[in-house]
Amino acid sequence: MRTIFLTGGTGFIGRQLVEELLKEDVMIFLLVRSKSKATRTFQEKGILNEAAMHFIEGDLTKTDLGLSDEDKDRVLNTDVIIHAGGQMDIQATKQEATSVFLNGAKHISEFAKSIHQLKGLQQFIHVVGYMTPFDDKNNKVAIDVFKEGHDYLKIKNPYERTKFLADLYIRQQASAIGYPLSVINPPTVVGSSKTGSTEQVAGLGLLVTSMRRGLMPVIPGGKGYKLPLISNDELAKFIVQVFKLEHSSIQTYTLVQDKQLDPDISQLLDVMSESMNMTAPKISVPIRFMKALMKSGISKITKIPSDGLNFITNRKFSNDLSKKIMGGDWFNKTSVMKFFPVVVADLDYRLTYQNDQHNHAFERALIGNTVIYQIQGEGKPFILLHGLLSDGEDLFPLGIELHEKTGQPIWIVDLPGLGRSPFKREKNLLNLYLNLVKELLGKSTNGAHWIGHSFGSVILLESLVREYIDTKNTITLLQPPVAKRISKSFNAPQFMNKWALKLATANSIGRYLIGNGLFENTESIPKHYIAKVSSSFTSPRILNTTLQLNRFLSKDYQGDFTKVPRYNLHIIWGNHDRNYSAPLHLGKVDVVPYGHHFPLSHPRETADLVIKSRAFNT
C-alpha cells in the first residue's frame with residue numbers, strides 16, 4: 001500500500017482525484033482546513049472511505065502548513081505528494097496569491113525535502129495550468145523566486161504570475177534535492193464527462209457570464225485562437241496513471257489537444273451560443289484590442305476581468321509525453337466537445353440560481369446531451385417530462401413519491417433549453433423534443449411508464465401519433481394543453497413576452513399563477529417556486545426557450561389527435577385551469593380540484609392517482 005499526501009483534495013479537481021485514487025491500493029492523507037466540512041463534502045459525493053482517507057487540518061499559507069506534531073509525523077511517512085491546492089481566483093491580489101501559491105510551494109517543498117532525506121520520496125506530482133512558461137527545457141532558471149520572480153515574469157496578473165513562479169520554485173527544489181517530480185499542465189478544467197456538472201464557475205464561467213449578459217458580440221482573437229478544455233474526471237484518471245509510474249527525474253505532461261484537431265474559439269462560441277439559445281458572434285477582434293477595451297473600463301461594467309481572456313491562446317503545445325502514457329487517440333476519445341453543450345447549460349444554471357441545491361436522492365446522468373435525474377429501482381422506469389415554467393427538479397417530489405410507493409426506477413428529464421439541458425437548433429422546434437423521446441426509448445428497451453406534465457404531455461401525445469411509443473409502454477398525461485378555452489382570462493401571450501418576463505416582480509408572477517389557474521390558491525404554490533421562476537428569466541437560454549415554446553403552444557401548434565391510440569393512456573386534469581379545458585376527446589379523464597401545476601403542488605396525491613389508475617407491471 002502506498003501513502004499519499006494530497007493538497008486541494010476537497011476542490012473541484014481534488015474530489016474527482018480522490019474518487020479515482022480510491023480505486024488503487026492507497027492511503028490518502030488530505031490537507032483540509034476543516035475536518036467536519038471535508039467529511040460532509042465527501043459524504044455528499046458518496047465517496048467517504050474512512051479506512052483509506054484521513055483528514056489533516058492545516059493551511060497552505062502557514063509555516064509547516066499549520067500541522068500538529070502528530071500530523072507532521074504522518075506526512076513525513078508518506079510516499080507520494082500530490083500538490084493541487086489553491087483556489088482559482090484570477091482577481092486575487094499580489095499578497096493573496098503570493099501567500100497561497102508561493103508560500104504554499106515553499107512549505108510543501110520543505111516537507112518533500114524532509115521526506116526524501118528521511119525515507120526517499122517516491123514522487124512529487126504538481127498540477128499547474130497549461131499557460132506556465134516553464135517546462136523540461138527551461139526548468140533550471142537560477143533566480144530567487146521570492147526576490148526576483150515578480151520582475152522576471154512579465155505577467156501582470158498576480159494569480160497567474162505567482163502560480164507560475166510556484167511551478168518554477170518546485171522544479172528548483174526537486175532538482176536541488178533530487179526527488180522525482182511530475183508536473184501536469186491541464187488546460188481549463190470543466191465538469192465530469194458523465195454529467196457535465198461544472199462547480200468551478202471562475203474559469204469557463206467567465207465566458208458564459210459574458211454571453212448571458214449579451215456582452216460577447218465578437219470573437220476574441222478569431223481564427224487560430226483556442227480555449228483548450230479537459231474534464232475533471234479525465235484529468236483525475238491521468239494523474240492516477242502518472243502516480244502509478246516510476247520516475248527518477250523531472251517530467252512535464254501537457255494535456256492540450258493537438259492544435260489542428262482542437263476547435264478554435266469561433267467554433268467554441270458557436271456551440272456555446274446554440275446551447276444558450278442565442279445568436280452566435282460573427283466578427284473577430286484581436287486579443288490585444290479586446291484586453292485594451294476591458295482595461296479602459298468595460299471590465300467594471302461587465303464585472304469580468306480583462307485577465308479572463310488569458311485562457312484564450314494561439315500557442316502550440318507539445319503533448320507527446322501524455323500520449324505515451326494514455327495512447328495516441330486519448331485526446332480525441334476524451335474530447336470535451338462531445339458533452340460541451342451540457343457544461344455550458346450547467347454553468348448557466350448555476351449562474352442563474354446562484355446555488356446548487358441538488359437533491360442527493362437522485363443521480364445525475366446524460367442521455368445524449370440531455371440531463372436525466374435518476375433513482376435506481378426494480379422494474380420498468382417511470383419517465384417524467386416537465387412543462388413550462390418548471391424543470392426536472394420541480395418534479396423531484398413526485399418522483400420520490402412514485403419510487404417510495406413502487407420501488408421502481410425514476411428518470412426525470414430536464415427538457416432541452418430548460419433546467420440544466422442545453423438548447424439545440426432544429427428546423428422544427430417540436431422535433432428537438434421528439435428526438436429526445438426516441439433516445440429515451442432506446443435506453444428503456446423493455447418499456448416504461450411515461451408521465452408528461454403540460455408541454456411534456458404534448459410531447460408524449462405527438463410521440464403516440466407518430467407511433468414511436470408501442471404497447472410495452474404506458475402513458476399518463478397530466479394537464480395536456482390541447483383544448484384551448486376562448487375567454488378573456490387567456491392572457492398568457494400578453495404576459496409571455498421577453499420584457500414582461502424580465503421585468504416581472506414576485507407579485508406580478510404570483511398574480512399570473514393564480515389568475516390563470518396554474519395553482520388553485522397562494523397556499524398551494526411550492527416554497528421558493530416564485531423566486532425560482534423569477535430567477536430563471538435572467539437566463540437567456542431558459543427565457544428564449546420558454547418564449548418559443550409558449551408561442552408554439554399558443555399560436556403555431558395544431559395537434560391532430562384523432563388517431564391517438566387509446567391503449568395504456570391515462571389522463572388526469574386539474575379543473576382550476578383557466579386557459580384550457582379537459583381533453584375529453586382523448587378518452588377518459590380523471591378530474592381533480594387543483595390547478596394546472598398540480599404535479600408540483602400536490603405530488604403525493606398525484607402519485608396516488610397515477611398508481612391507482614392501473615396496475616403497473618414491474
Side-chain angles (χ1 to χ4, degrees), residues 373 380-403 405-406 408 410-415 418-419 433 436-437 440 448-465 469 473-485 492 513 516-520 524-526 529 549-550 553 557 559 561 564 566-614 616:
Y373 303 98
K380 294 181 180 180
F382 287 93
I383 303 179
L384 282 65
L385 308 183
H386 64 83
L388 300 190
L389 298 184
S390 66
D391 58 36
E393 289 196 0
D394 293 316
L395 293 179
F396 280 5
L398 174 56
I400 290 171
E401 289 287 342
L402 289 168
H403 176 70
K405 295 176 189 301
T406 67
Q408 292 173 230
I410 305 296
W411 300 2
I412 300 180
V413 180
D414 265 345
L415 294 177
L418 303 169
Y433 302 94
L436 169 60
V437 172
L440 290 165
H449 306 302
W450 297 78
I451 301 174
H453 172 232
S454 193
F455 176 65
S457 63
V458 171
I459 297 171
L460 294 181
L461 279 170
E462 284 290 342
S463 298
L464 277 175
V465 170
I469 300 178
N473 300 272
T474 63
I475 294 181
T476 300
L477 306 179
L478 309 176
Q479 215 69 16
V482 296
K484 297 176 186 174
R485 285 185 178 180
L513 297 176
N516 287 273
L518 274 74
F519 297 96
E520 62 270 21
S524 64
I525 300 175
Y529 176 79
L549 291 175
N550 181 71
L553 288 172
Y557 184 59
F561 303 123
V564 172
R566 303 301 171 90
Y567 57 78
N568 294 343
L569 181 63
H570 176 221
I571 302 168
I572 305 174
W573 186 260
N575 64 6
H576 280 258
D577 192 319
R578 298 186 183 180
N579 291 332
Y580 295 93
S581 299
L584 301 175
H585 59 292
L586 295 179
K588 183 178 179 298
V589 178
D590 289 336
V591 178
V592 293
Y594 308 134
H596 185 96
H597 273 13
F598 69 86
L600 281 62
S601 57
H602 302 280
R604 180 177 300 174
E605 294 83 350
T606 304
D608 288 337
L609 287 165
V610 168
I611 294 168
K612 186 179 178 181
S613 65
R614 60 174 61 85
F616 280 111

When rounded to the nearest 0.5 Å, the distance separating CG of Leu569 from NZ of Lys588 is 11.5 Å
Closest non-hydrogen contact found for Gly452 with Leu460 is N-CD1, 3.4 Å
Please round to the nearest 0.5 Å and tell me the distance separating atom CG of Leu464 and atom CH2 of Trp450.
10.5 Å
Would you list the atom pairs, donor with acceptor, under 3.5 Å between side chains in residues 595-604 and any protein atom, with sequence neighbours excluded?
unit_1	atom_1	unit_2	atom_2	d
His596	ND1	Asp577	OD2	2.4
His596	NE2	Ser454	OG	2.8
His597	NE2	Tyr529	OH	3.2
His602	NE2	Glu520	OE2	2.6

Return the NE2 to CD1 distance between His449 and Ile410, rounded to the nearest 0.5 Å.
9.5 Å
So, taking the atom named CD1 in Ile451 and the one named CG in Leu395, what distance separates them when rounded to the nearest 0.5 Å?
9.0 Å
Could you tell me which residues satisfy salt bridge (Lys or Arg N to Asp or Glu O under 4.0 Å) with Asp414, sequence neighbours excluded, listed by chain and number?
none
So which heavy atom on Ser457 is nearest to which on Leu478, and how close?
OG-O, 4.2 Å
Quick one: does Leu586's side chain get under 4.5 Å of Val482's, heavy atoms only?
yes
Any side-chain heavy atom of Ile383 within less than 4.5 Å of one from Asn473?
no
Pro593 and Asn575 have their tightest heavy-atom pair at CA-OD1, 3.4 Å
Using modelled atom types only, decide if a donor and an acceptor are shared between the side chain of Asp590 and the backbone of Ile572 within a distance under 3.5 Å.
no
Please give me the minimum heavy-atom distance between Leu461 and Pro480, naming the atom from each residue.
CD1-CB, 4.3 Å
One should read off an interatomic distance between Glu605 CD and Lys612 NZ, to the nearest 0.5 angstrom, of 12.5 Å
Within the side chain of Asp391, is there an N or O that forms a donor-acceptor pair under 3.5 Å with the backbone of Glu393?
yes
Would you give the length of the straight line joining atom NE2 of His453 to atom CG of Leu477, rounded to the nearest 0.5 angstrom?
11.5 Å
State, with a plain yes or no, whether a side-chain heavy atom of Leu388 is found less than 4.5 Å away from one of Leu553.
yes
Side chain to side chain, Glu462 and Tyr433, heavy atoms closer than 4.5 Å
no
Taking every non-hydrogen atom, the tightest pair across His585 and Ala483:
CE1-CB, 4.5 Å
Partners passing side chain to side chain donor-acceptor pair (under 3.5 Å) against Asp608 (at least two apart in sequence or in another chain)
Lys405
Check Pro583 against Trp573 and note the closest heavy-atom contact, atom names and distance.
CD-CE3, 3.6 Å
Testing Thr406, Thr476, Thr606 one by one against Ile611 for a side-chain contact (heavy atoms from CB on, under 4.5 Å), which residue passes?
Thr406
I'd like to know if the side chain of His386 and the backbone of Leu415 have a donor-acceptor N/O pair within less than 3.5 Å.
yes
